[in-house]
Novice: 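Before I ask anything, let me first share the structure, which is written out below as C-alpha cells.
Basis for what follows: all heavy atoms, side chains included, without hydrogens, waters or symmetry-related copies. Since we're looking at a predicted model, the values are computed, not measured.
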Amino acid sequence: MTGNSGTGHMRLNVRSPALKGLNKGEGLRRAVEQKMLHNETFDEAWARLFAMKNSPTDERRLMVVKQAMEEGRIGRDPDRASRRFSKAEVKDLYAILEEQARLGRLQELRDNKPNNYVMITDEEGLTEVVDALRKESVIVFDVETTGVDVHSDIVVGHVLSATEKDVHYYIPTDHKEASPQLDREYVANILRPIYEDASKGFIAHNAKFDLQMLYNNFGITVANLMWDTQEAMRLLNENEPSYALKTLATKYLRDNSYTYGDLFGQIGFDEVDLETALAYAAKDGDLTYRLYLFQRHHLAKHGNILEYFETVEMPMIPLVSKIELRGYDIDTERAEEYAAEIREEIDELQEELRREFGDINMNSPAQLKEAIEASIGRQIPNTNANKTLKPLSKDYKILRTLLDYRSLTKTLGTYVEAIPQLIKKQTGRVHTELRPNGTVTGRFSSGEDSETSVTRGLINIQNQSPESRTLYVAPEGHYIVNADFSAQEVRIIASLSQEDVLINAFAEGVDAYATLASEFFNKPYDECYKLPDGSDTEYRKQMKVVLLSSMYGASKYGLSDSLGIGVEEAEEFRLSFFDKYRKIDGFIKDTQAFAKRNGFVWIGDKSRKRRLPEARNKREFIPQGKWNDPKYENAKRKNRAISQAMRQGPNARVQGLAAMQTKKTMLALDELVERKGWEWFAPIHDEIVLYVTDDINEDDFAEIDRVMTQTYLLDGVDNATDIEVQRRWGDSITAEEFLKGVEVPKL
DNA sequence: ATTCTGAGCCAC
DNA sequence: AAACGTGGCTCAGAAT
C-alpha cells in the first residue's frame with residue numbers, strides 16, 4: 001500500500017508540512033493532536049463525502065478514487081494530509097488518476113505497435129514508400145494535422161498504407177520533437193505523383209478533410225478517391241452513435257482502440273512524440289483498410305446499396321470538398337448598414353416592451369411568460385410565436401410589438417451580426433461544411449458538426465432567411481443562378497403512390513395542389529388556384545398543408561393547428577382526404593406494414609435503408625384511466641417510439657428519394673459547371689445554387705433545365721424546374737425574364 | 001469559467 | 001399521453 005490509502009483509521013502523517021522542522025518526538029505529538037482534531041477514520045471520511053450533495057459525476061469520481069485508494073493505486077498528497085480529507089482533494093486525485101490512465105493508454109499503444117508500422121524520416125525511407133506504393137492498386141491515406149480547421153491548421157505528417165503488402169507508413173514532417181524529419185515540401189512533391197495517379201484507388205476515413213488539407217497545404221488533388229469508411233458507415237447504419245474511426249474499430253473490428261481525445265486530449269498532433277505518433281497514425285491506416293474490407297462485404301449483401309454508394313456517394317465527396325473550399329462572398333458594407341438599422345429598430349421596440357412588461361430580459365421565455373400573463377390578464381402555455389403569440393396578437397398590440405422584436409433580434413443575432421464575424425481571413429469569405437449524409441434520410445446537413453464540440457466558425461448555408469440571403473453576393477462578372485425541383489416531394493409522392501389525381505395533374509402540367517383542391521372541395525380549378533395578385537387561394541393553401549403534413553403523419557391536432565380550424569373539423573378533413581386518395585393511403589399503409597415486418601424501409605430502388613427498429617415492437621396496452629399511472633411510463637415511451645417510427649417510414653422514403661435525386665443531379669450538373677468554368681454555391685435540399693459567369697446564355701439555361709429534369713427520372717411523373725438569376729441572393733428575376741432582356745437587379 | 005439543456009426559430 | 005419529417009444556431013439558465 002502506498003501513502004495514506006486504506007480503509008482503517010487515518011494514519012498519522014508525521015511528514016506533513018505543518019510539522020516540518022520539529023524534532024521527531026514533538027512532530028509525533030502534534031500529529032496525534034491533528035488526528036484527534038479531525039477524529040475521523042477513512043471510512044468516516046468517505047461516509048461524510050458520500051453524504052454530501054453530489055452531482056452524478058462527482059458521485060462517480062468519489063467511487064473511482066475510493067477504489068483506487070483501497071487498491072493502493074493512489075494515496076493522499078502528503079502536503080495535504082494534515083488537513084481534513086475533502087471533496088476538492090478527491091477531485092484532484094481523480095485528475096491524477098485520469099492522467100495516469102491516459103499515459104497508460106499511450107504506453108499500451110506503443111507496446112502493441114506491430115512491426116509493419118514503419119516510420120519514415122529519411123530520403124531512403126521515402127523512396128522505399130514510393131516503390132511500395134507504385135506496386136499497389138489500393139492505398140489508404142490520412143494526413144495528421146495541428147487541428148481540424150482546414151483554413152488555418154497545417155499538415156504535420158502523412159499516413160500511407162500499402163494494402164497488399166500490408167505495411168503502414170508514417171511520414172512525419174512537422175512534429176515539434178527535435179529528432180530529424182523530412183522537409184514537408186520535399187515529401188509533398190515526392191508523394192504528389194502517387195496521390196495524383198488515377199490508376200490507384202484511395203481510401204480514407206472522413207476523406208473530405210484529408211482532400212482539403214492536401215489541397216490547401218500543397219495544391220495536391222487526390223485523383224481517384226475510391227472509398228470513405230466514415231461515409232460508408234453512414235449507409236451501413238445511419239443510427240450509429242459515433243462515426244469516429246476508433247469507435248467503429250472497437251465495435252466492428254473488435255480492436256479496442258482509443259480516440260484521439262482519449263489519448264492526446266486537446267493538443268495538436270505536432271506536439272506528439274514521434275514514437276507515439278507512429279503507433280497511433282499507422283494504426284489509422286491499418287484500421288481504415290480493415291474497416292473498408294468489412295464494409296464492402298456488408299454493403300454488397302443488401303439491395304443496390306454498394307452500387308449507389310460507389311456511383312453517387314463517393315463521387316459526391318470531392319465535389320462537396322470543392323464546394324466548401326469555394327465559400328461565400330459577403331457584402332460586409334451592407335451587413336454593417338443593415339445591422340445599424342435593425343439595432344435602432346430593436347431599441348425602439350425594446351423601449352415599448354419595457355414600458356409594458358417592466359425591466360425584464362425580453363429574450364428570456366420564462367420572464368416573458370410571466371410578464372405577458374400579467375399584462376394581458378390570462379394564462380398562456382408558452383411564448384411560442386406561431387402557436388401562442390400570433391393568434392393572441394390580433395387582440396393585443398404589445399404582442400405584435402413583441403413578435404416584431406423577436407424577428408428582428410433573430411435576424412440580427414443569428415445572421416446579420418454573426419455572418420461577417422465568420423469570414424476566414426485566409427479566403428476573405430465565409431464557409432460551410434456540407435455533410436452529404438448528415439441526416440438519417442440522406443439529405444445534406446450544413447454548419448458546424450454537432451457531433452463534435454469543436455467550433456470552426458462555419459455557417460449553415462441551408463437555413464439562411466430571406467433577410468440574411470441579401471448579404472450573399474456574386475463576385476464581379478458573375479451571377480448567382482438557382483434552379484429548384486418544382487414540387488419535388490409532391491412529384492415523388494405521386495410517383496411512389498401512383499395516385500391518379502396527382503399523376504394526371506402533373507401529366508397535364510396543371511397545378512397539383514389546385515387540382516387536388518378542386519377535386520376535394522368540388523370547386524372549379526380556377527377557384528382553387530391563385531388570386532389575381534398571384535397569391536394562393538385559401539383552397540390551395542389548405543391543400544398544400546394537408547397533403548404534406550398528412551403524408552408525414554400529422555394528427556388531427558397538428559392539422560387543426562396548421563390549418564387554423566377546429567380539431568374535429570381537421571379530423572374530418574384528414575379522413576376524407578385519405579378516403580378519396582386511396583393510393584396515397586395505400587402507400588403509407590404499405591410502407592408502415594413493411595417497416596413493421598422488417599424494421600426498416602427501402603429508399604430509391606433499394607439504394608439505401610432507413611432503419612426503424614422500433615417499428616417491429618408490439619404496442620403495449622394501457623387501460624383507460626391509467627394514463628397518469630407511473631407504472632405505465634415505460635409502456636407509453638415504447639408506444640411513442642412505435643408511432644414515431646410509423647411516421648418516419650413514409651417520410652424517409654419520400655425525403656430520401658428527393659435527396660437522391662438532388663445528389664445525382666448535382667453530379668451531372670458538375671460536368672456543366674466544370675466545362676463552363678462556373679463554381680458551386682450549394683445544394684439546398686430541392687434547390688441547386690451556382691455562381692455562373694455573366695456570359696450565361698439561352699443554351700446554358702436550356703442545359704441546366706435539361707440536367708435538372710432529365711438526370712433522375714421518376715416513375716410516371718415528369719420533373720420540372722424553375723431557374724432564377726441574381727447578383728444578390730434572393731433579389732432575382734426568372735431565367736425567362738433574363739432571356740427577354742430584363743435587367744438583373746444591381747447590387 | 002466552461003459545458004449542457006431547453007425554448008424558440010431559421011431552412012426545406 | 002402525445003399529437004409533423006429532416007436539420008442547425010442563439011440565448012437563458014442550470015449544471016459542473
Novice: Please report, rounded to the nearest Å, how far the C1' atom of C/dT6 is from the CE atom of A/Met660.
Specialist: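 Atom-to-atom, A/Met660 to C/dT6, this comes out as 15 Å.
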Novice: Can you measure A/Arg234 atom CZ to C/dG7 atom P for me and round it to whole angstrom units?
Specialist: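 Rounding to the nearest Å, CZ of A/Arg234 and P of C/dG7 are 11 Å apart.
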Novice: Can you find an N or O donor on one side and an acceptor on the other, under 3.5 Å apart, linking the side chain of A/Lys410 with the base of B/dC9?
Specialist: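 Check passes, donor-acceptor contact within cut-off.
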Novice: Would you mind telling me which of C/dC4, C/dT6, B/dA11 lies closest to the side-chain atoms of A/Gln648?
Specialist: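 Minimum distance to the A/Gln648 side chain belongs to C/dT6.
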Novice: Checking all strands, does A/Pro466 fall into the base, sugar-phosphate, or nothing category for heavy-atom contacts under 4.0 angstrom?
Specialist: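 Sugar-phosphate: the residue A/Pro466, judged by heavy atoms under 4.0 Å, touches backbone atoms but no base.
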Novice: Sticking with atom P, work out how far B/dT5 lies from C/dC4, rounded to a whole angstrom.
Specialist: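 That atom pair is separated by 26 Å.
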Novice: How many Å lie between OH on A/Tyr472 and C1' on B/dA11, as a whole number?
Specialist: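 Rounded to whole Å, this separation is 12 Å.
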Novice: Are any of A/Arg647's side-chain N or O atoms less than 4.0 Å away from OP1 or OP2 of C/dG5?
Specialist: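 For C/dG5, OP1 or OP2 has a side-chain N or O of A/Arg647 closer than 4.0 Å.
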Novice: If you count the non-hydrogen atoms of other residues, nucleotides and ligands that lie under 6.0 Å from CD in A/Glu370, is the total more than 12?
Specialist: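 Open.
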Novice: In terms of side-chain heavy atoms of A/Ala554, which of C/dG13, C/dC4, C/dT6 is nearest?
Specialist: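 The answer is C/dC4, which lies nearest to the side chain.
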Novice: The side chain of A/Thr383 lies closest to which of these nucleotides: B/dG8, B/dA11, C/dT6?
Specialist: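 From the listed options, B/dG8 comes nearest.
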Novice: Between C/dG13, B/dA11, C/dC11, which nucleotide has the shortest distance from any of its atoms to the side chain of A/Ser364?
Specialist: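 Closest nucleotide to the A/Ser364 side chain: C/dG13.
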Novice: Could you check how far OH of A/Tyr415 sits from C1' of C/dT10, rounded to whole Å?
Specialist: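 Computing the A/Tyr415:OH to C/dT10:C1' distance gives 10 Å.
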Novice: May I have the distance from A/Gln462 (atom CD) to C/dG8 (atom P), rounded to whole angstrom?
Specialist: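 Distance check: A/Gln462 CD to C/dG8 P gives 9 Å.
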Novice: Are A/Ser445 and C/dG8 close enough that a side-chain N or O sits under 4.0 Å from OP1 or OP2?
Specialist: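 Indeed, a polar side-chain atom of A/Ser445 lies that close.
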Novice: Please determine if A/Asp731 and A/Arg469 form a salt bridge, counting it only when a charged side-chain N lies under 4.0 Å from a carboxylate O.
Specialist: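 No, this pair does not count.
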Novice: Please determine, for the side chain of A/His685, which listed nucleotide (C/dA3, C/dG7, B/dC12) has the closest atom?
Specialist: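 Closest of the options to the side chain of A/His685: B/dC12.
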Novice: C/dT6 P sits how many Å from A/Glu687 CD, rounded?
Specialist: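 Checked: the CD to P distance equals 22 Å.
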Novice: Indicate yes or no for a side-chain donor-acceptor contact from A/Ser497 to the backbone of A/Glu499 under 3.5 Å, with no hydrogens or angles considered.
Specialist: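 A pair under 3.5 Å: yes.
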Novice: Can you tell which of C/dG8, C/dG5, B/dA11 lies closest to the side chain of A/Asn651?
Specialist: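 The listed nucleotide nearest to A/Asn651's side chain is C/dG5.
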Novice: Looking only at side chains, do A/Thr441 and A/Arg608 share a donor and an acceptor under 3.5 Å apart?
Specialist: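 Result is no, nothing qualifies.
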Novice: From the set C/dG13, B/dA7, B/dC12, return the single nucleotide nearest to any side-chain atom of A/Pro365.
Specialist: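 The closest nucleotide is B/dA7.
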Novice: Out of the candidates A/Tyr415, A/Tyr472, A/Tyr328, only one should pair with A/Gln464 under the side chain to side chain donor-acceptor pair (under 3.5 Å) rule; please name it.
Specialist: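 Only one option passes, and that is A/Tyr472.
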Novice: At under 4.0 Å between heavy atoms, what does A/Asn361 touch on the DNA or RNA strands: base, sugar-phosphate, or nothing?
Specialist: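 A/Asn361: backbone/sugar contact only, no base atoms under 4.0 Å.
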Novice: Can you tell me the distance, in whole Å, between the CZ atom of A/Arg619 and the C1' atom of C/dA2?
Specialist: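 Whole-Å distance recorded here is 11 Å.
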Novice: Answer yes or no: does a side-chain N or O of A/Asn384 lie under 4.0 Å from OP1 or OP2 of B/dC9?
Specialist: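 Yes, within the criterion.
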Novice: For A/Ser407, which contact category applies under a 4.0 Å heavy-atom criterion: base, sugar-phosphate, or nothing?
Specialist: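 Nothing, no heavy atom under 4.0 Å.
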Novice: Tell me the interatomic distance from A/Asp561, atom CG, to C/dG5, atom P, rounded to whole angstroms.
Specialist: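 The answer, rounded to whole Å, is 14 Å.
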Novice: Is the phosphate of B/dG8 approached by A/Arg406 (side-chain N or O, under 4.0 Å from OP1 or OP2)?
Specialist: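 It does not, given that no N or O in the side chain of A/Arg406 lies less than 4.0 Å from OP1 or OP2 of B/dG8.
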Novice: Between A/Tyr581 and A/Phe577, is the ring pair (Phe, Tyr, Trp, His ring centres under 6.0 Å) condition met? List the steps.
Specialist: CA-CA 6 Å; A/Tyr581 304 117; A/Phe577 176 86; 5.1 Å; yes
